[in-house]
Amino acid sequence: MALDYQPILLPNPGRSTAVTLKEYQARGGYTGLKNALAKKPDEVTAIVKDSGLKGRGGAGFPTGMKWSFVPKGPGPKYLVVNADESEPGTFKDRDIIEVEPHTLLEGIAIGSYAIGCELAFVYIRGEYVEAGRRLQAAIDEAKAAGILGDKSALKREDGGAFKLDVIVFLGAGAYICGEETALIESLEGSRPMPRSRPPFPAVAGLYMKPTVVNNVETMANVPVMFERGVDFYKAIGNPPNNTGPKIFCLSGHVKKPGNYELPLGKITLRQLIEEYGGGTRSGRPVKGVLPAGVSAPIIAADKLDAVLDYDGIKGAGSMLGSASFIVMDDSVDMVWAAARMIEFFRHESCGKCTPCREGTLWLEKIYHRVLYGTGMQAGDIEQLNDVCKQIAGNTLCALGDFSTSPVTSTTKLFKADYEARLTSIGGASKR
Amino acid sequence: MTTSTSSDKPAAKDAPPAAPAAPSAAPSDVVTLTIDGVKVTAKKGMLLVEAAKLAGVDIPVFCYHDRLKPVGACRMCLVEIEKMPRLQTACTTPVAQDMVVKTASDNAKGGQRSVLSLLLANHPLDCPVCDKGGECPLQDNAFGYGPGASTFKEEKRHNDKAFELSEHILLDRERCILCYRCVRFHEEIPGDRALGVVERGGHGMIGVPAGDRYDSPFSGNVIDLCPVGALTSRQYRFRSRPWDLVSSPSIACDDPVGAHVDVDTRDGRVLRVRPRVEFQKNDAWLADQTRFGTVPTDRGERLATPLLRDANGALAPATWPAALARAASLVRGQATGVLVHPNLTNEAMALVAELGLGPVGVLPRLSSWPAKGTLFSMTRSKTVVVVGVDPWRELPLVALWIRRAVAPSASSMGVPPGFPLAPGQSGANLVVLHDENGLARDTLHWIKAGQGELRARVAELQDGLEGKGPLAAVAAALDDAPATMLVGSAASHDPELRPLLDKLAATIGATGEGGLVGAPEPFANARGAHEIFGSTAFDDVMGKGGVVQRAAYGDLERVLLLGDIELHDLGKARGVWLTSGLPAEGAQVPAYVDVVLPLAHAYEQSGSFTNLEGVAQHFDAAGLPPGRGDATARADWCALAELASELGRGVPHQLLALREQLGRGQPLLARVPRPRTKLPVISGRG
């Protein structure tokens, strides 16, 4: 391995059981929380702002800034942790919750203290039953040990008792629940559909109260800043824009898929695939890589030297997003791959707004005709892009925009795959 | 809020901006912005789509409705706002100081065209057989803002065409554009969540959960709300095209709120009834019983000529002069009782006194507690107590006001368009003492009590207010004044219960200020009967000394029955019946009736009703009554005026003159406002 790096978020690679409270405390766990509680809440937020931590869920919004939007003053405020992890090819949060639940809880505790929340929620996707069970066990442990709950032994900076309850909520399996306002709707017991902004959740979120929604990995990044100091944290990665550790989910046609925790901006996409992933399974060349599940434009083989951080992937014409890299070798027919992704978006579109609901249905119909019907017709590429143009920028939430990227990127980068189908009347998938 | 335009057309870029009229008070409450070159001053918090109306700019919408909360779902109202990277929905964006909005830039038009292109991709082209055709926002917007031609070459989505949501409502799932107006209506206004979405995404459709029924007393409103022809009325389906209809304003003829309605007629035939916006009464809504229950059967099928019983006991048609003469001869000089239905007009009720007959009774029996206060004042109520009545089923529009008091951040009742609802504002506590409660969702405490148990429960509640007894916890919820207290008709008559209720009302602050107190009745003119007949209005006509019992005992020889009164037996007394709605053929007429005088339906006559607040409202005829020439059903007051003349008591046969004359003795009639001269308008979206 080229990089000398001691993992922070997942310090026990290969471990499959949950780290117990005892083990966690033995390695210094919850000292970060104690240090944070010795500061004023505003100071905690300022430190997180200073750390340069950006949201790890996909949008990359500065975490400290998000916390600072929460209005001061009385009344309930909520911290909601987004553990819906519904992006295809993303499985980092699951590892954090299942193996390092206390890191997450400590992050939640610090974040709750900073924003003045006494009731935090962890929204876990319905399929993660085991993760939910383990997190609940960890919460029970922390409550019994006087860290969380009503009877916490910890004191705040102002002398008051630290109070925090954490509720584990299992979703029912919808991609849209990863969108923060849809997640809030689901948490409230309604059908998960995104809300129109304004008001933003920081002002009126869960039960119309000020709410911060953060990703699991984001929260897991917080304790170390207070345990070892923010300067230690700021030295990780490629500051100022790309600070901190990041878990890269590697899957697809690679020999060794899995979670690889590395500092941001220290290796290239090619290194991740070849040095960590062991190259493609078939030994054939890489054709394209999806950098953020299916939500961001595909990266073609000529851009594999992009540096793995927010700026590097942006420079390659895509987005780091949740950093879940799905590698495709040259056996993949990109028309089929795009169709598969569109099927996913059609199936997962919540249907609230017109462009995403009707547009994904339309795109799927075109792809199905191309793949299983009369085949590709002249003008279909233009038609596909035209529909994408009608969707992109016009939707209620970002998922509508995401749904167009498989189409626009594959028609641009792999036009040959589309043109190859022009003659194959009734051509079925080459898969 | 003021508007100023520099010219008729949107101002050119270099045109000098027109000076906005200076906001008179509290300048921090208003902002000035530019929409398509027009400077507008609007209230802070107002949505862009409303502010655009002030600027005279039309922004196309589907999901937005000024009585519902914005959702930003359909994306039709995309506009360009300077300094914003993406197009924004005008229906969810509040106005801001110095905002520059372009609704017709290439960018904005592109967004609007995209949304229409996507909406139309799967929308069937069955406009020629669609009820909505001609008054369809989708047609209008497609014409005004659409792409002209479709590039959609795939097969359209197929789904249910005439899915029976309920006995009144049919749903065409292919036409639906999922704007959620119907879903949101039920969520916000009545709060019964009667409709929802089943399935997801492009396969999503409006419906109810499997095994459930679409059962709401307000279901008809979704037909008006639907911006396409997806939700249609079974009653009106395929009856007419909107451009063949004449729409006339009227007042609901079965409803104590005095709901404002538009009655749509074709060739004089009433085909449908729709709500007309009146913020302080029905807002924009109607109950199903009014919408579907007050549309009369076809003119040709109803009785238009008087009937007289001949020597053989059979009823035979007669002319009006012959019938009036017979009726007059029957009652003249005889002990004659009068039974009045509380759906009769103020004028007809006031004429009863002119006939010189008596005693008078009202059937069905009215409550002895006319309401005090106004519907709109219920928005200030902090406490609502309901005793012995289920407003949900019996007084649906009043139930909407209760819902507004309980959930002010959800219901827009009485809130003018463009004014945001106060989120998080806490509502009234609702306590219900009755065995039925359609407002259960909004009820804080529901004490199930039949008529017999009410006395005990109300007494307990009174004790509870002093911190004693089993209902102390419930009574704690009644602390905040002002209060509304609604009472059932039967409860109002209970001589032991009534004093308890009076005391309770006084204790909780239900005084008629900041709320409604009393026992309103589900009739169009119960309040008119109360004012005109006084306490005789709520005498029990069936009981001791009542008109019916006295007739049965032989004290009365004749009975004049006014309105659609159903009564099987009158002993030996003979009757004259003035009624509407009898069929032309095979009318079931009770054997005691010797003369039948056919009345017009309320929507086919002019007159006035007094609503439960005591507001008298004039209405004009919308449709034509059954019959032709002289053989025509008469307005209720007209038939009575003719009968009075026949009895030698001359009164005018013209409404306004009659009202003026009667108004000298009857203050209620002097209160009826003079009708405004207004030509009927052609129905449709305008």
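This structure is a prediction, so every number in the text was calculated from the model and none was measured. Side-chain atoms are counted along with the backbone in the values below, which use heavy atoms only and exclude waters and symmetry mates. In the text below, chain A, chain B and the rest are named by the order of the sequence lines, each starting its count at 1.
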Tell me, side chain or backbone of [X] under 4.5 Å from chain B's heavy atoms, or both, or neither?
X: A/H347; answer: both
X: A/T360; answer: neither
X: A/A204; answer: neither
X: A/I176; answer: neither

With a 4.5 Å heavy-atom cut-off, do [X] and [Y] have their side chains touching?
X: A/E358; Y: B/R157; answer: yes
X: A/K352; Y: B/V197; answer: no
X: A/S196; Y: B/P70; answer: no
X: B/N122; Y: A/K365; answer: yes

Part of [X] within contact of chain A (heavy atom distance under 4.5 Å):
X: B/K156; value: backbone
X: B/L78; value: side chain
X: B/Q88; value: neither

Inter- and intrachain pairs under side chain to side chain donor-acceptor pair (under 3.5 Å), touching residues 375-391 of chain A, at least two apart: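 Matches after skipping sequence neighbours: A/R369-A/D380, A/T374-A/Q377, A/Q383-B/T151, A/N385-A/T411, A/D386-A/Q390, A/Q390-B/S117.
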
Taking it one step at a time, do B/R86 and A/D401 satisfy side-chain contact (heavy atoms from CB on, under 4.5 Å)? CA-CA 12 Å; B/R86 292 161 62 111; A/D401 294 348; 2.6 Å; yes

Restricting to non-hydrogen atoms, name the atom on [X] and the atom on [Y] that form the minimum distance, rounded to 0.1 Å.
X: B/T92; Y: A/P198; answer: O-CD, 4.4 Å
X: A/G351; Y: B/Y180; answer: O-OH, 2.6 Å
X: B/R75; Y: A/T354; answer: CG-N, 4.3 Å
X: B/L87; Y: A/N394; answer: CD1-OD1, 3.8 Å

Backbone N/O of B/H203 and side chain of A/R357: donor-acceptor pair under 3.5 Å: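 No, the answer is negative, given that no donor and acceptor are paired below the 3.5 Å cut-off.
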
Sort out for me which of [options] touches chain A most, counting heavy-atom pairs under 4.5 Å.
options: B/C63, B/G204, B/G110, B/A73; result: B/A73
options: B/C74, B/G111, B/P94; result: B/C74
options: B/G202, B/A121, B/S114; result: B/S114
options: B/T89, B/V115, B/V71; result: B/V71

Answer yes when A/E348 and B/R200 have at least one side-chain N-carboxylate O distance shorter than 4.0 Å, and no when they do not.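 A salt bridge is present here (some side-chain N lies under 4.0 Å from a carboxylate O).
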
Spacing of B/L118 atom CG and A/C356 atom SG [to the nearest 0.5 Å]: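 One gets 10.5 Å once the value is rounded to the nearest 0.5 Å.
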
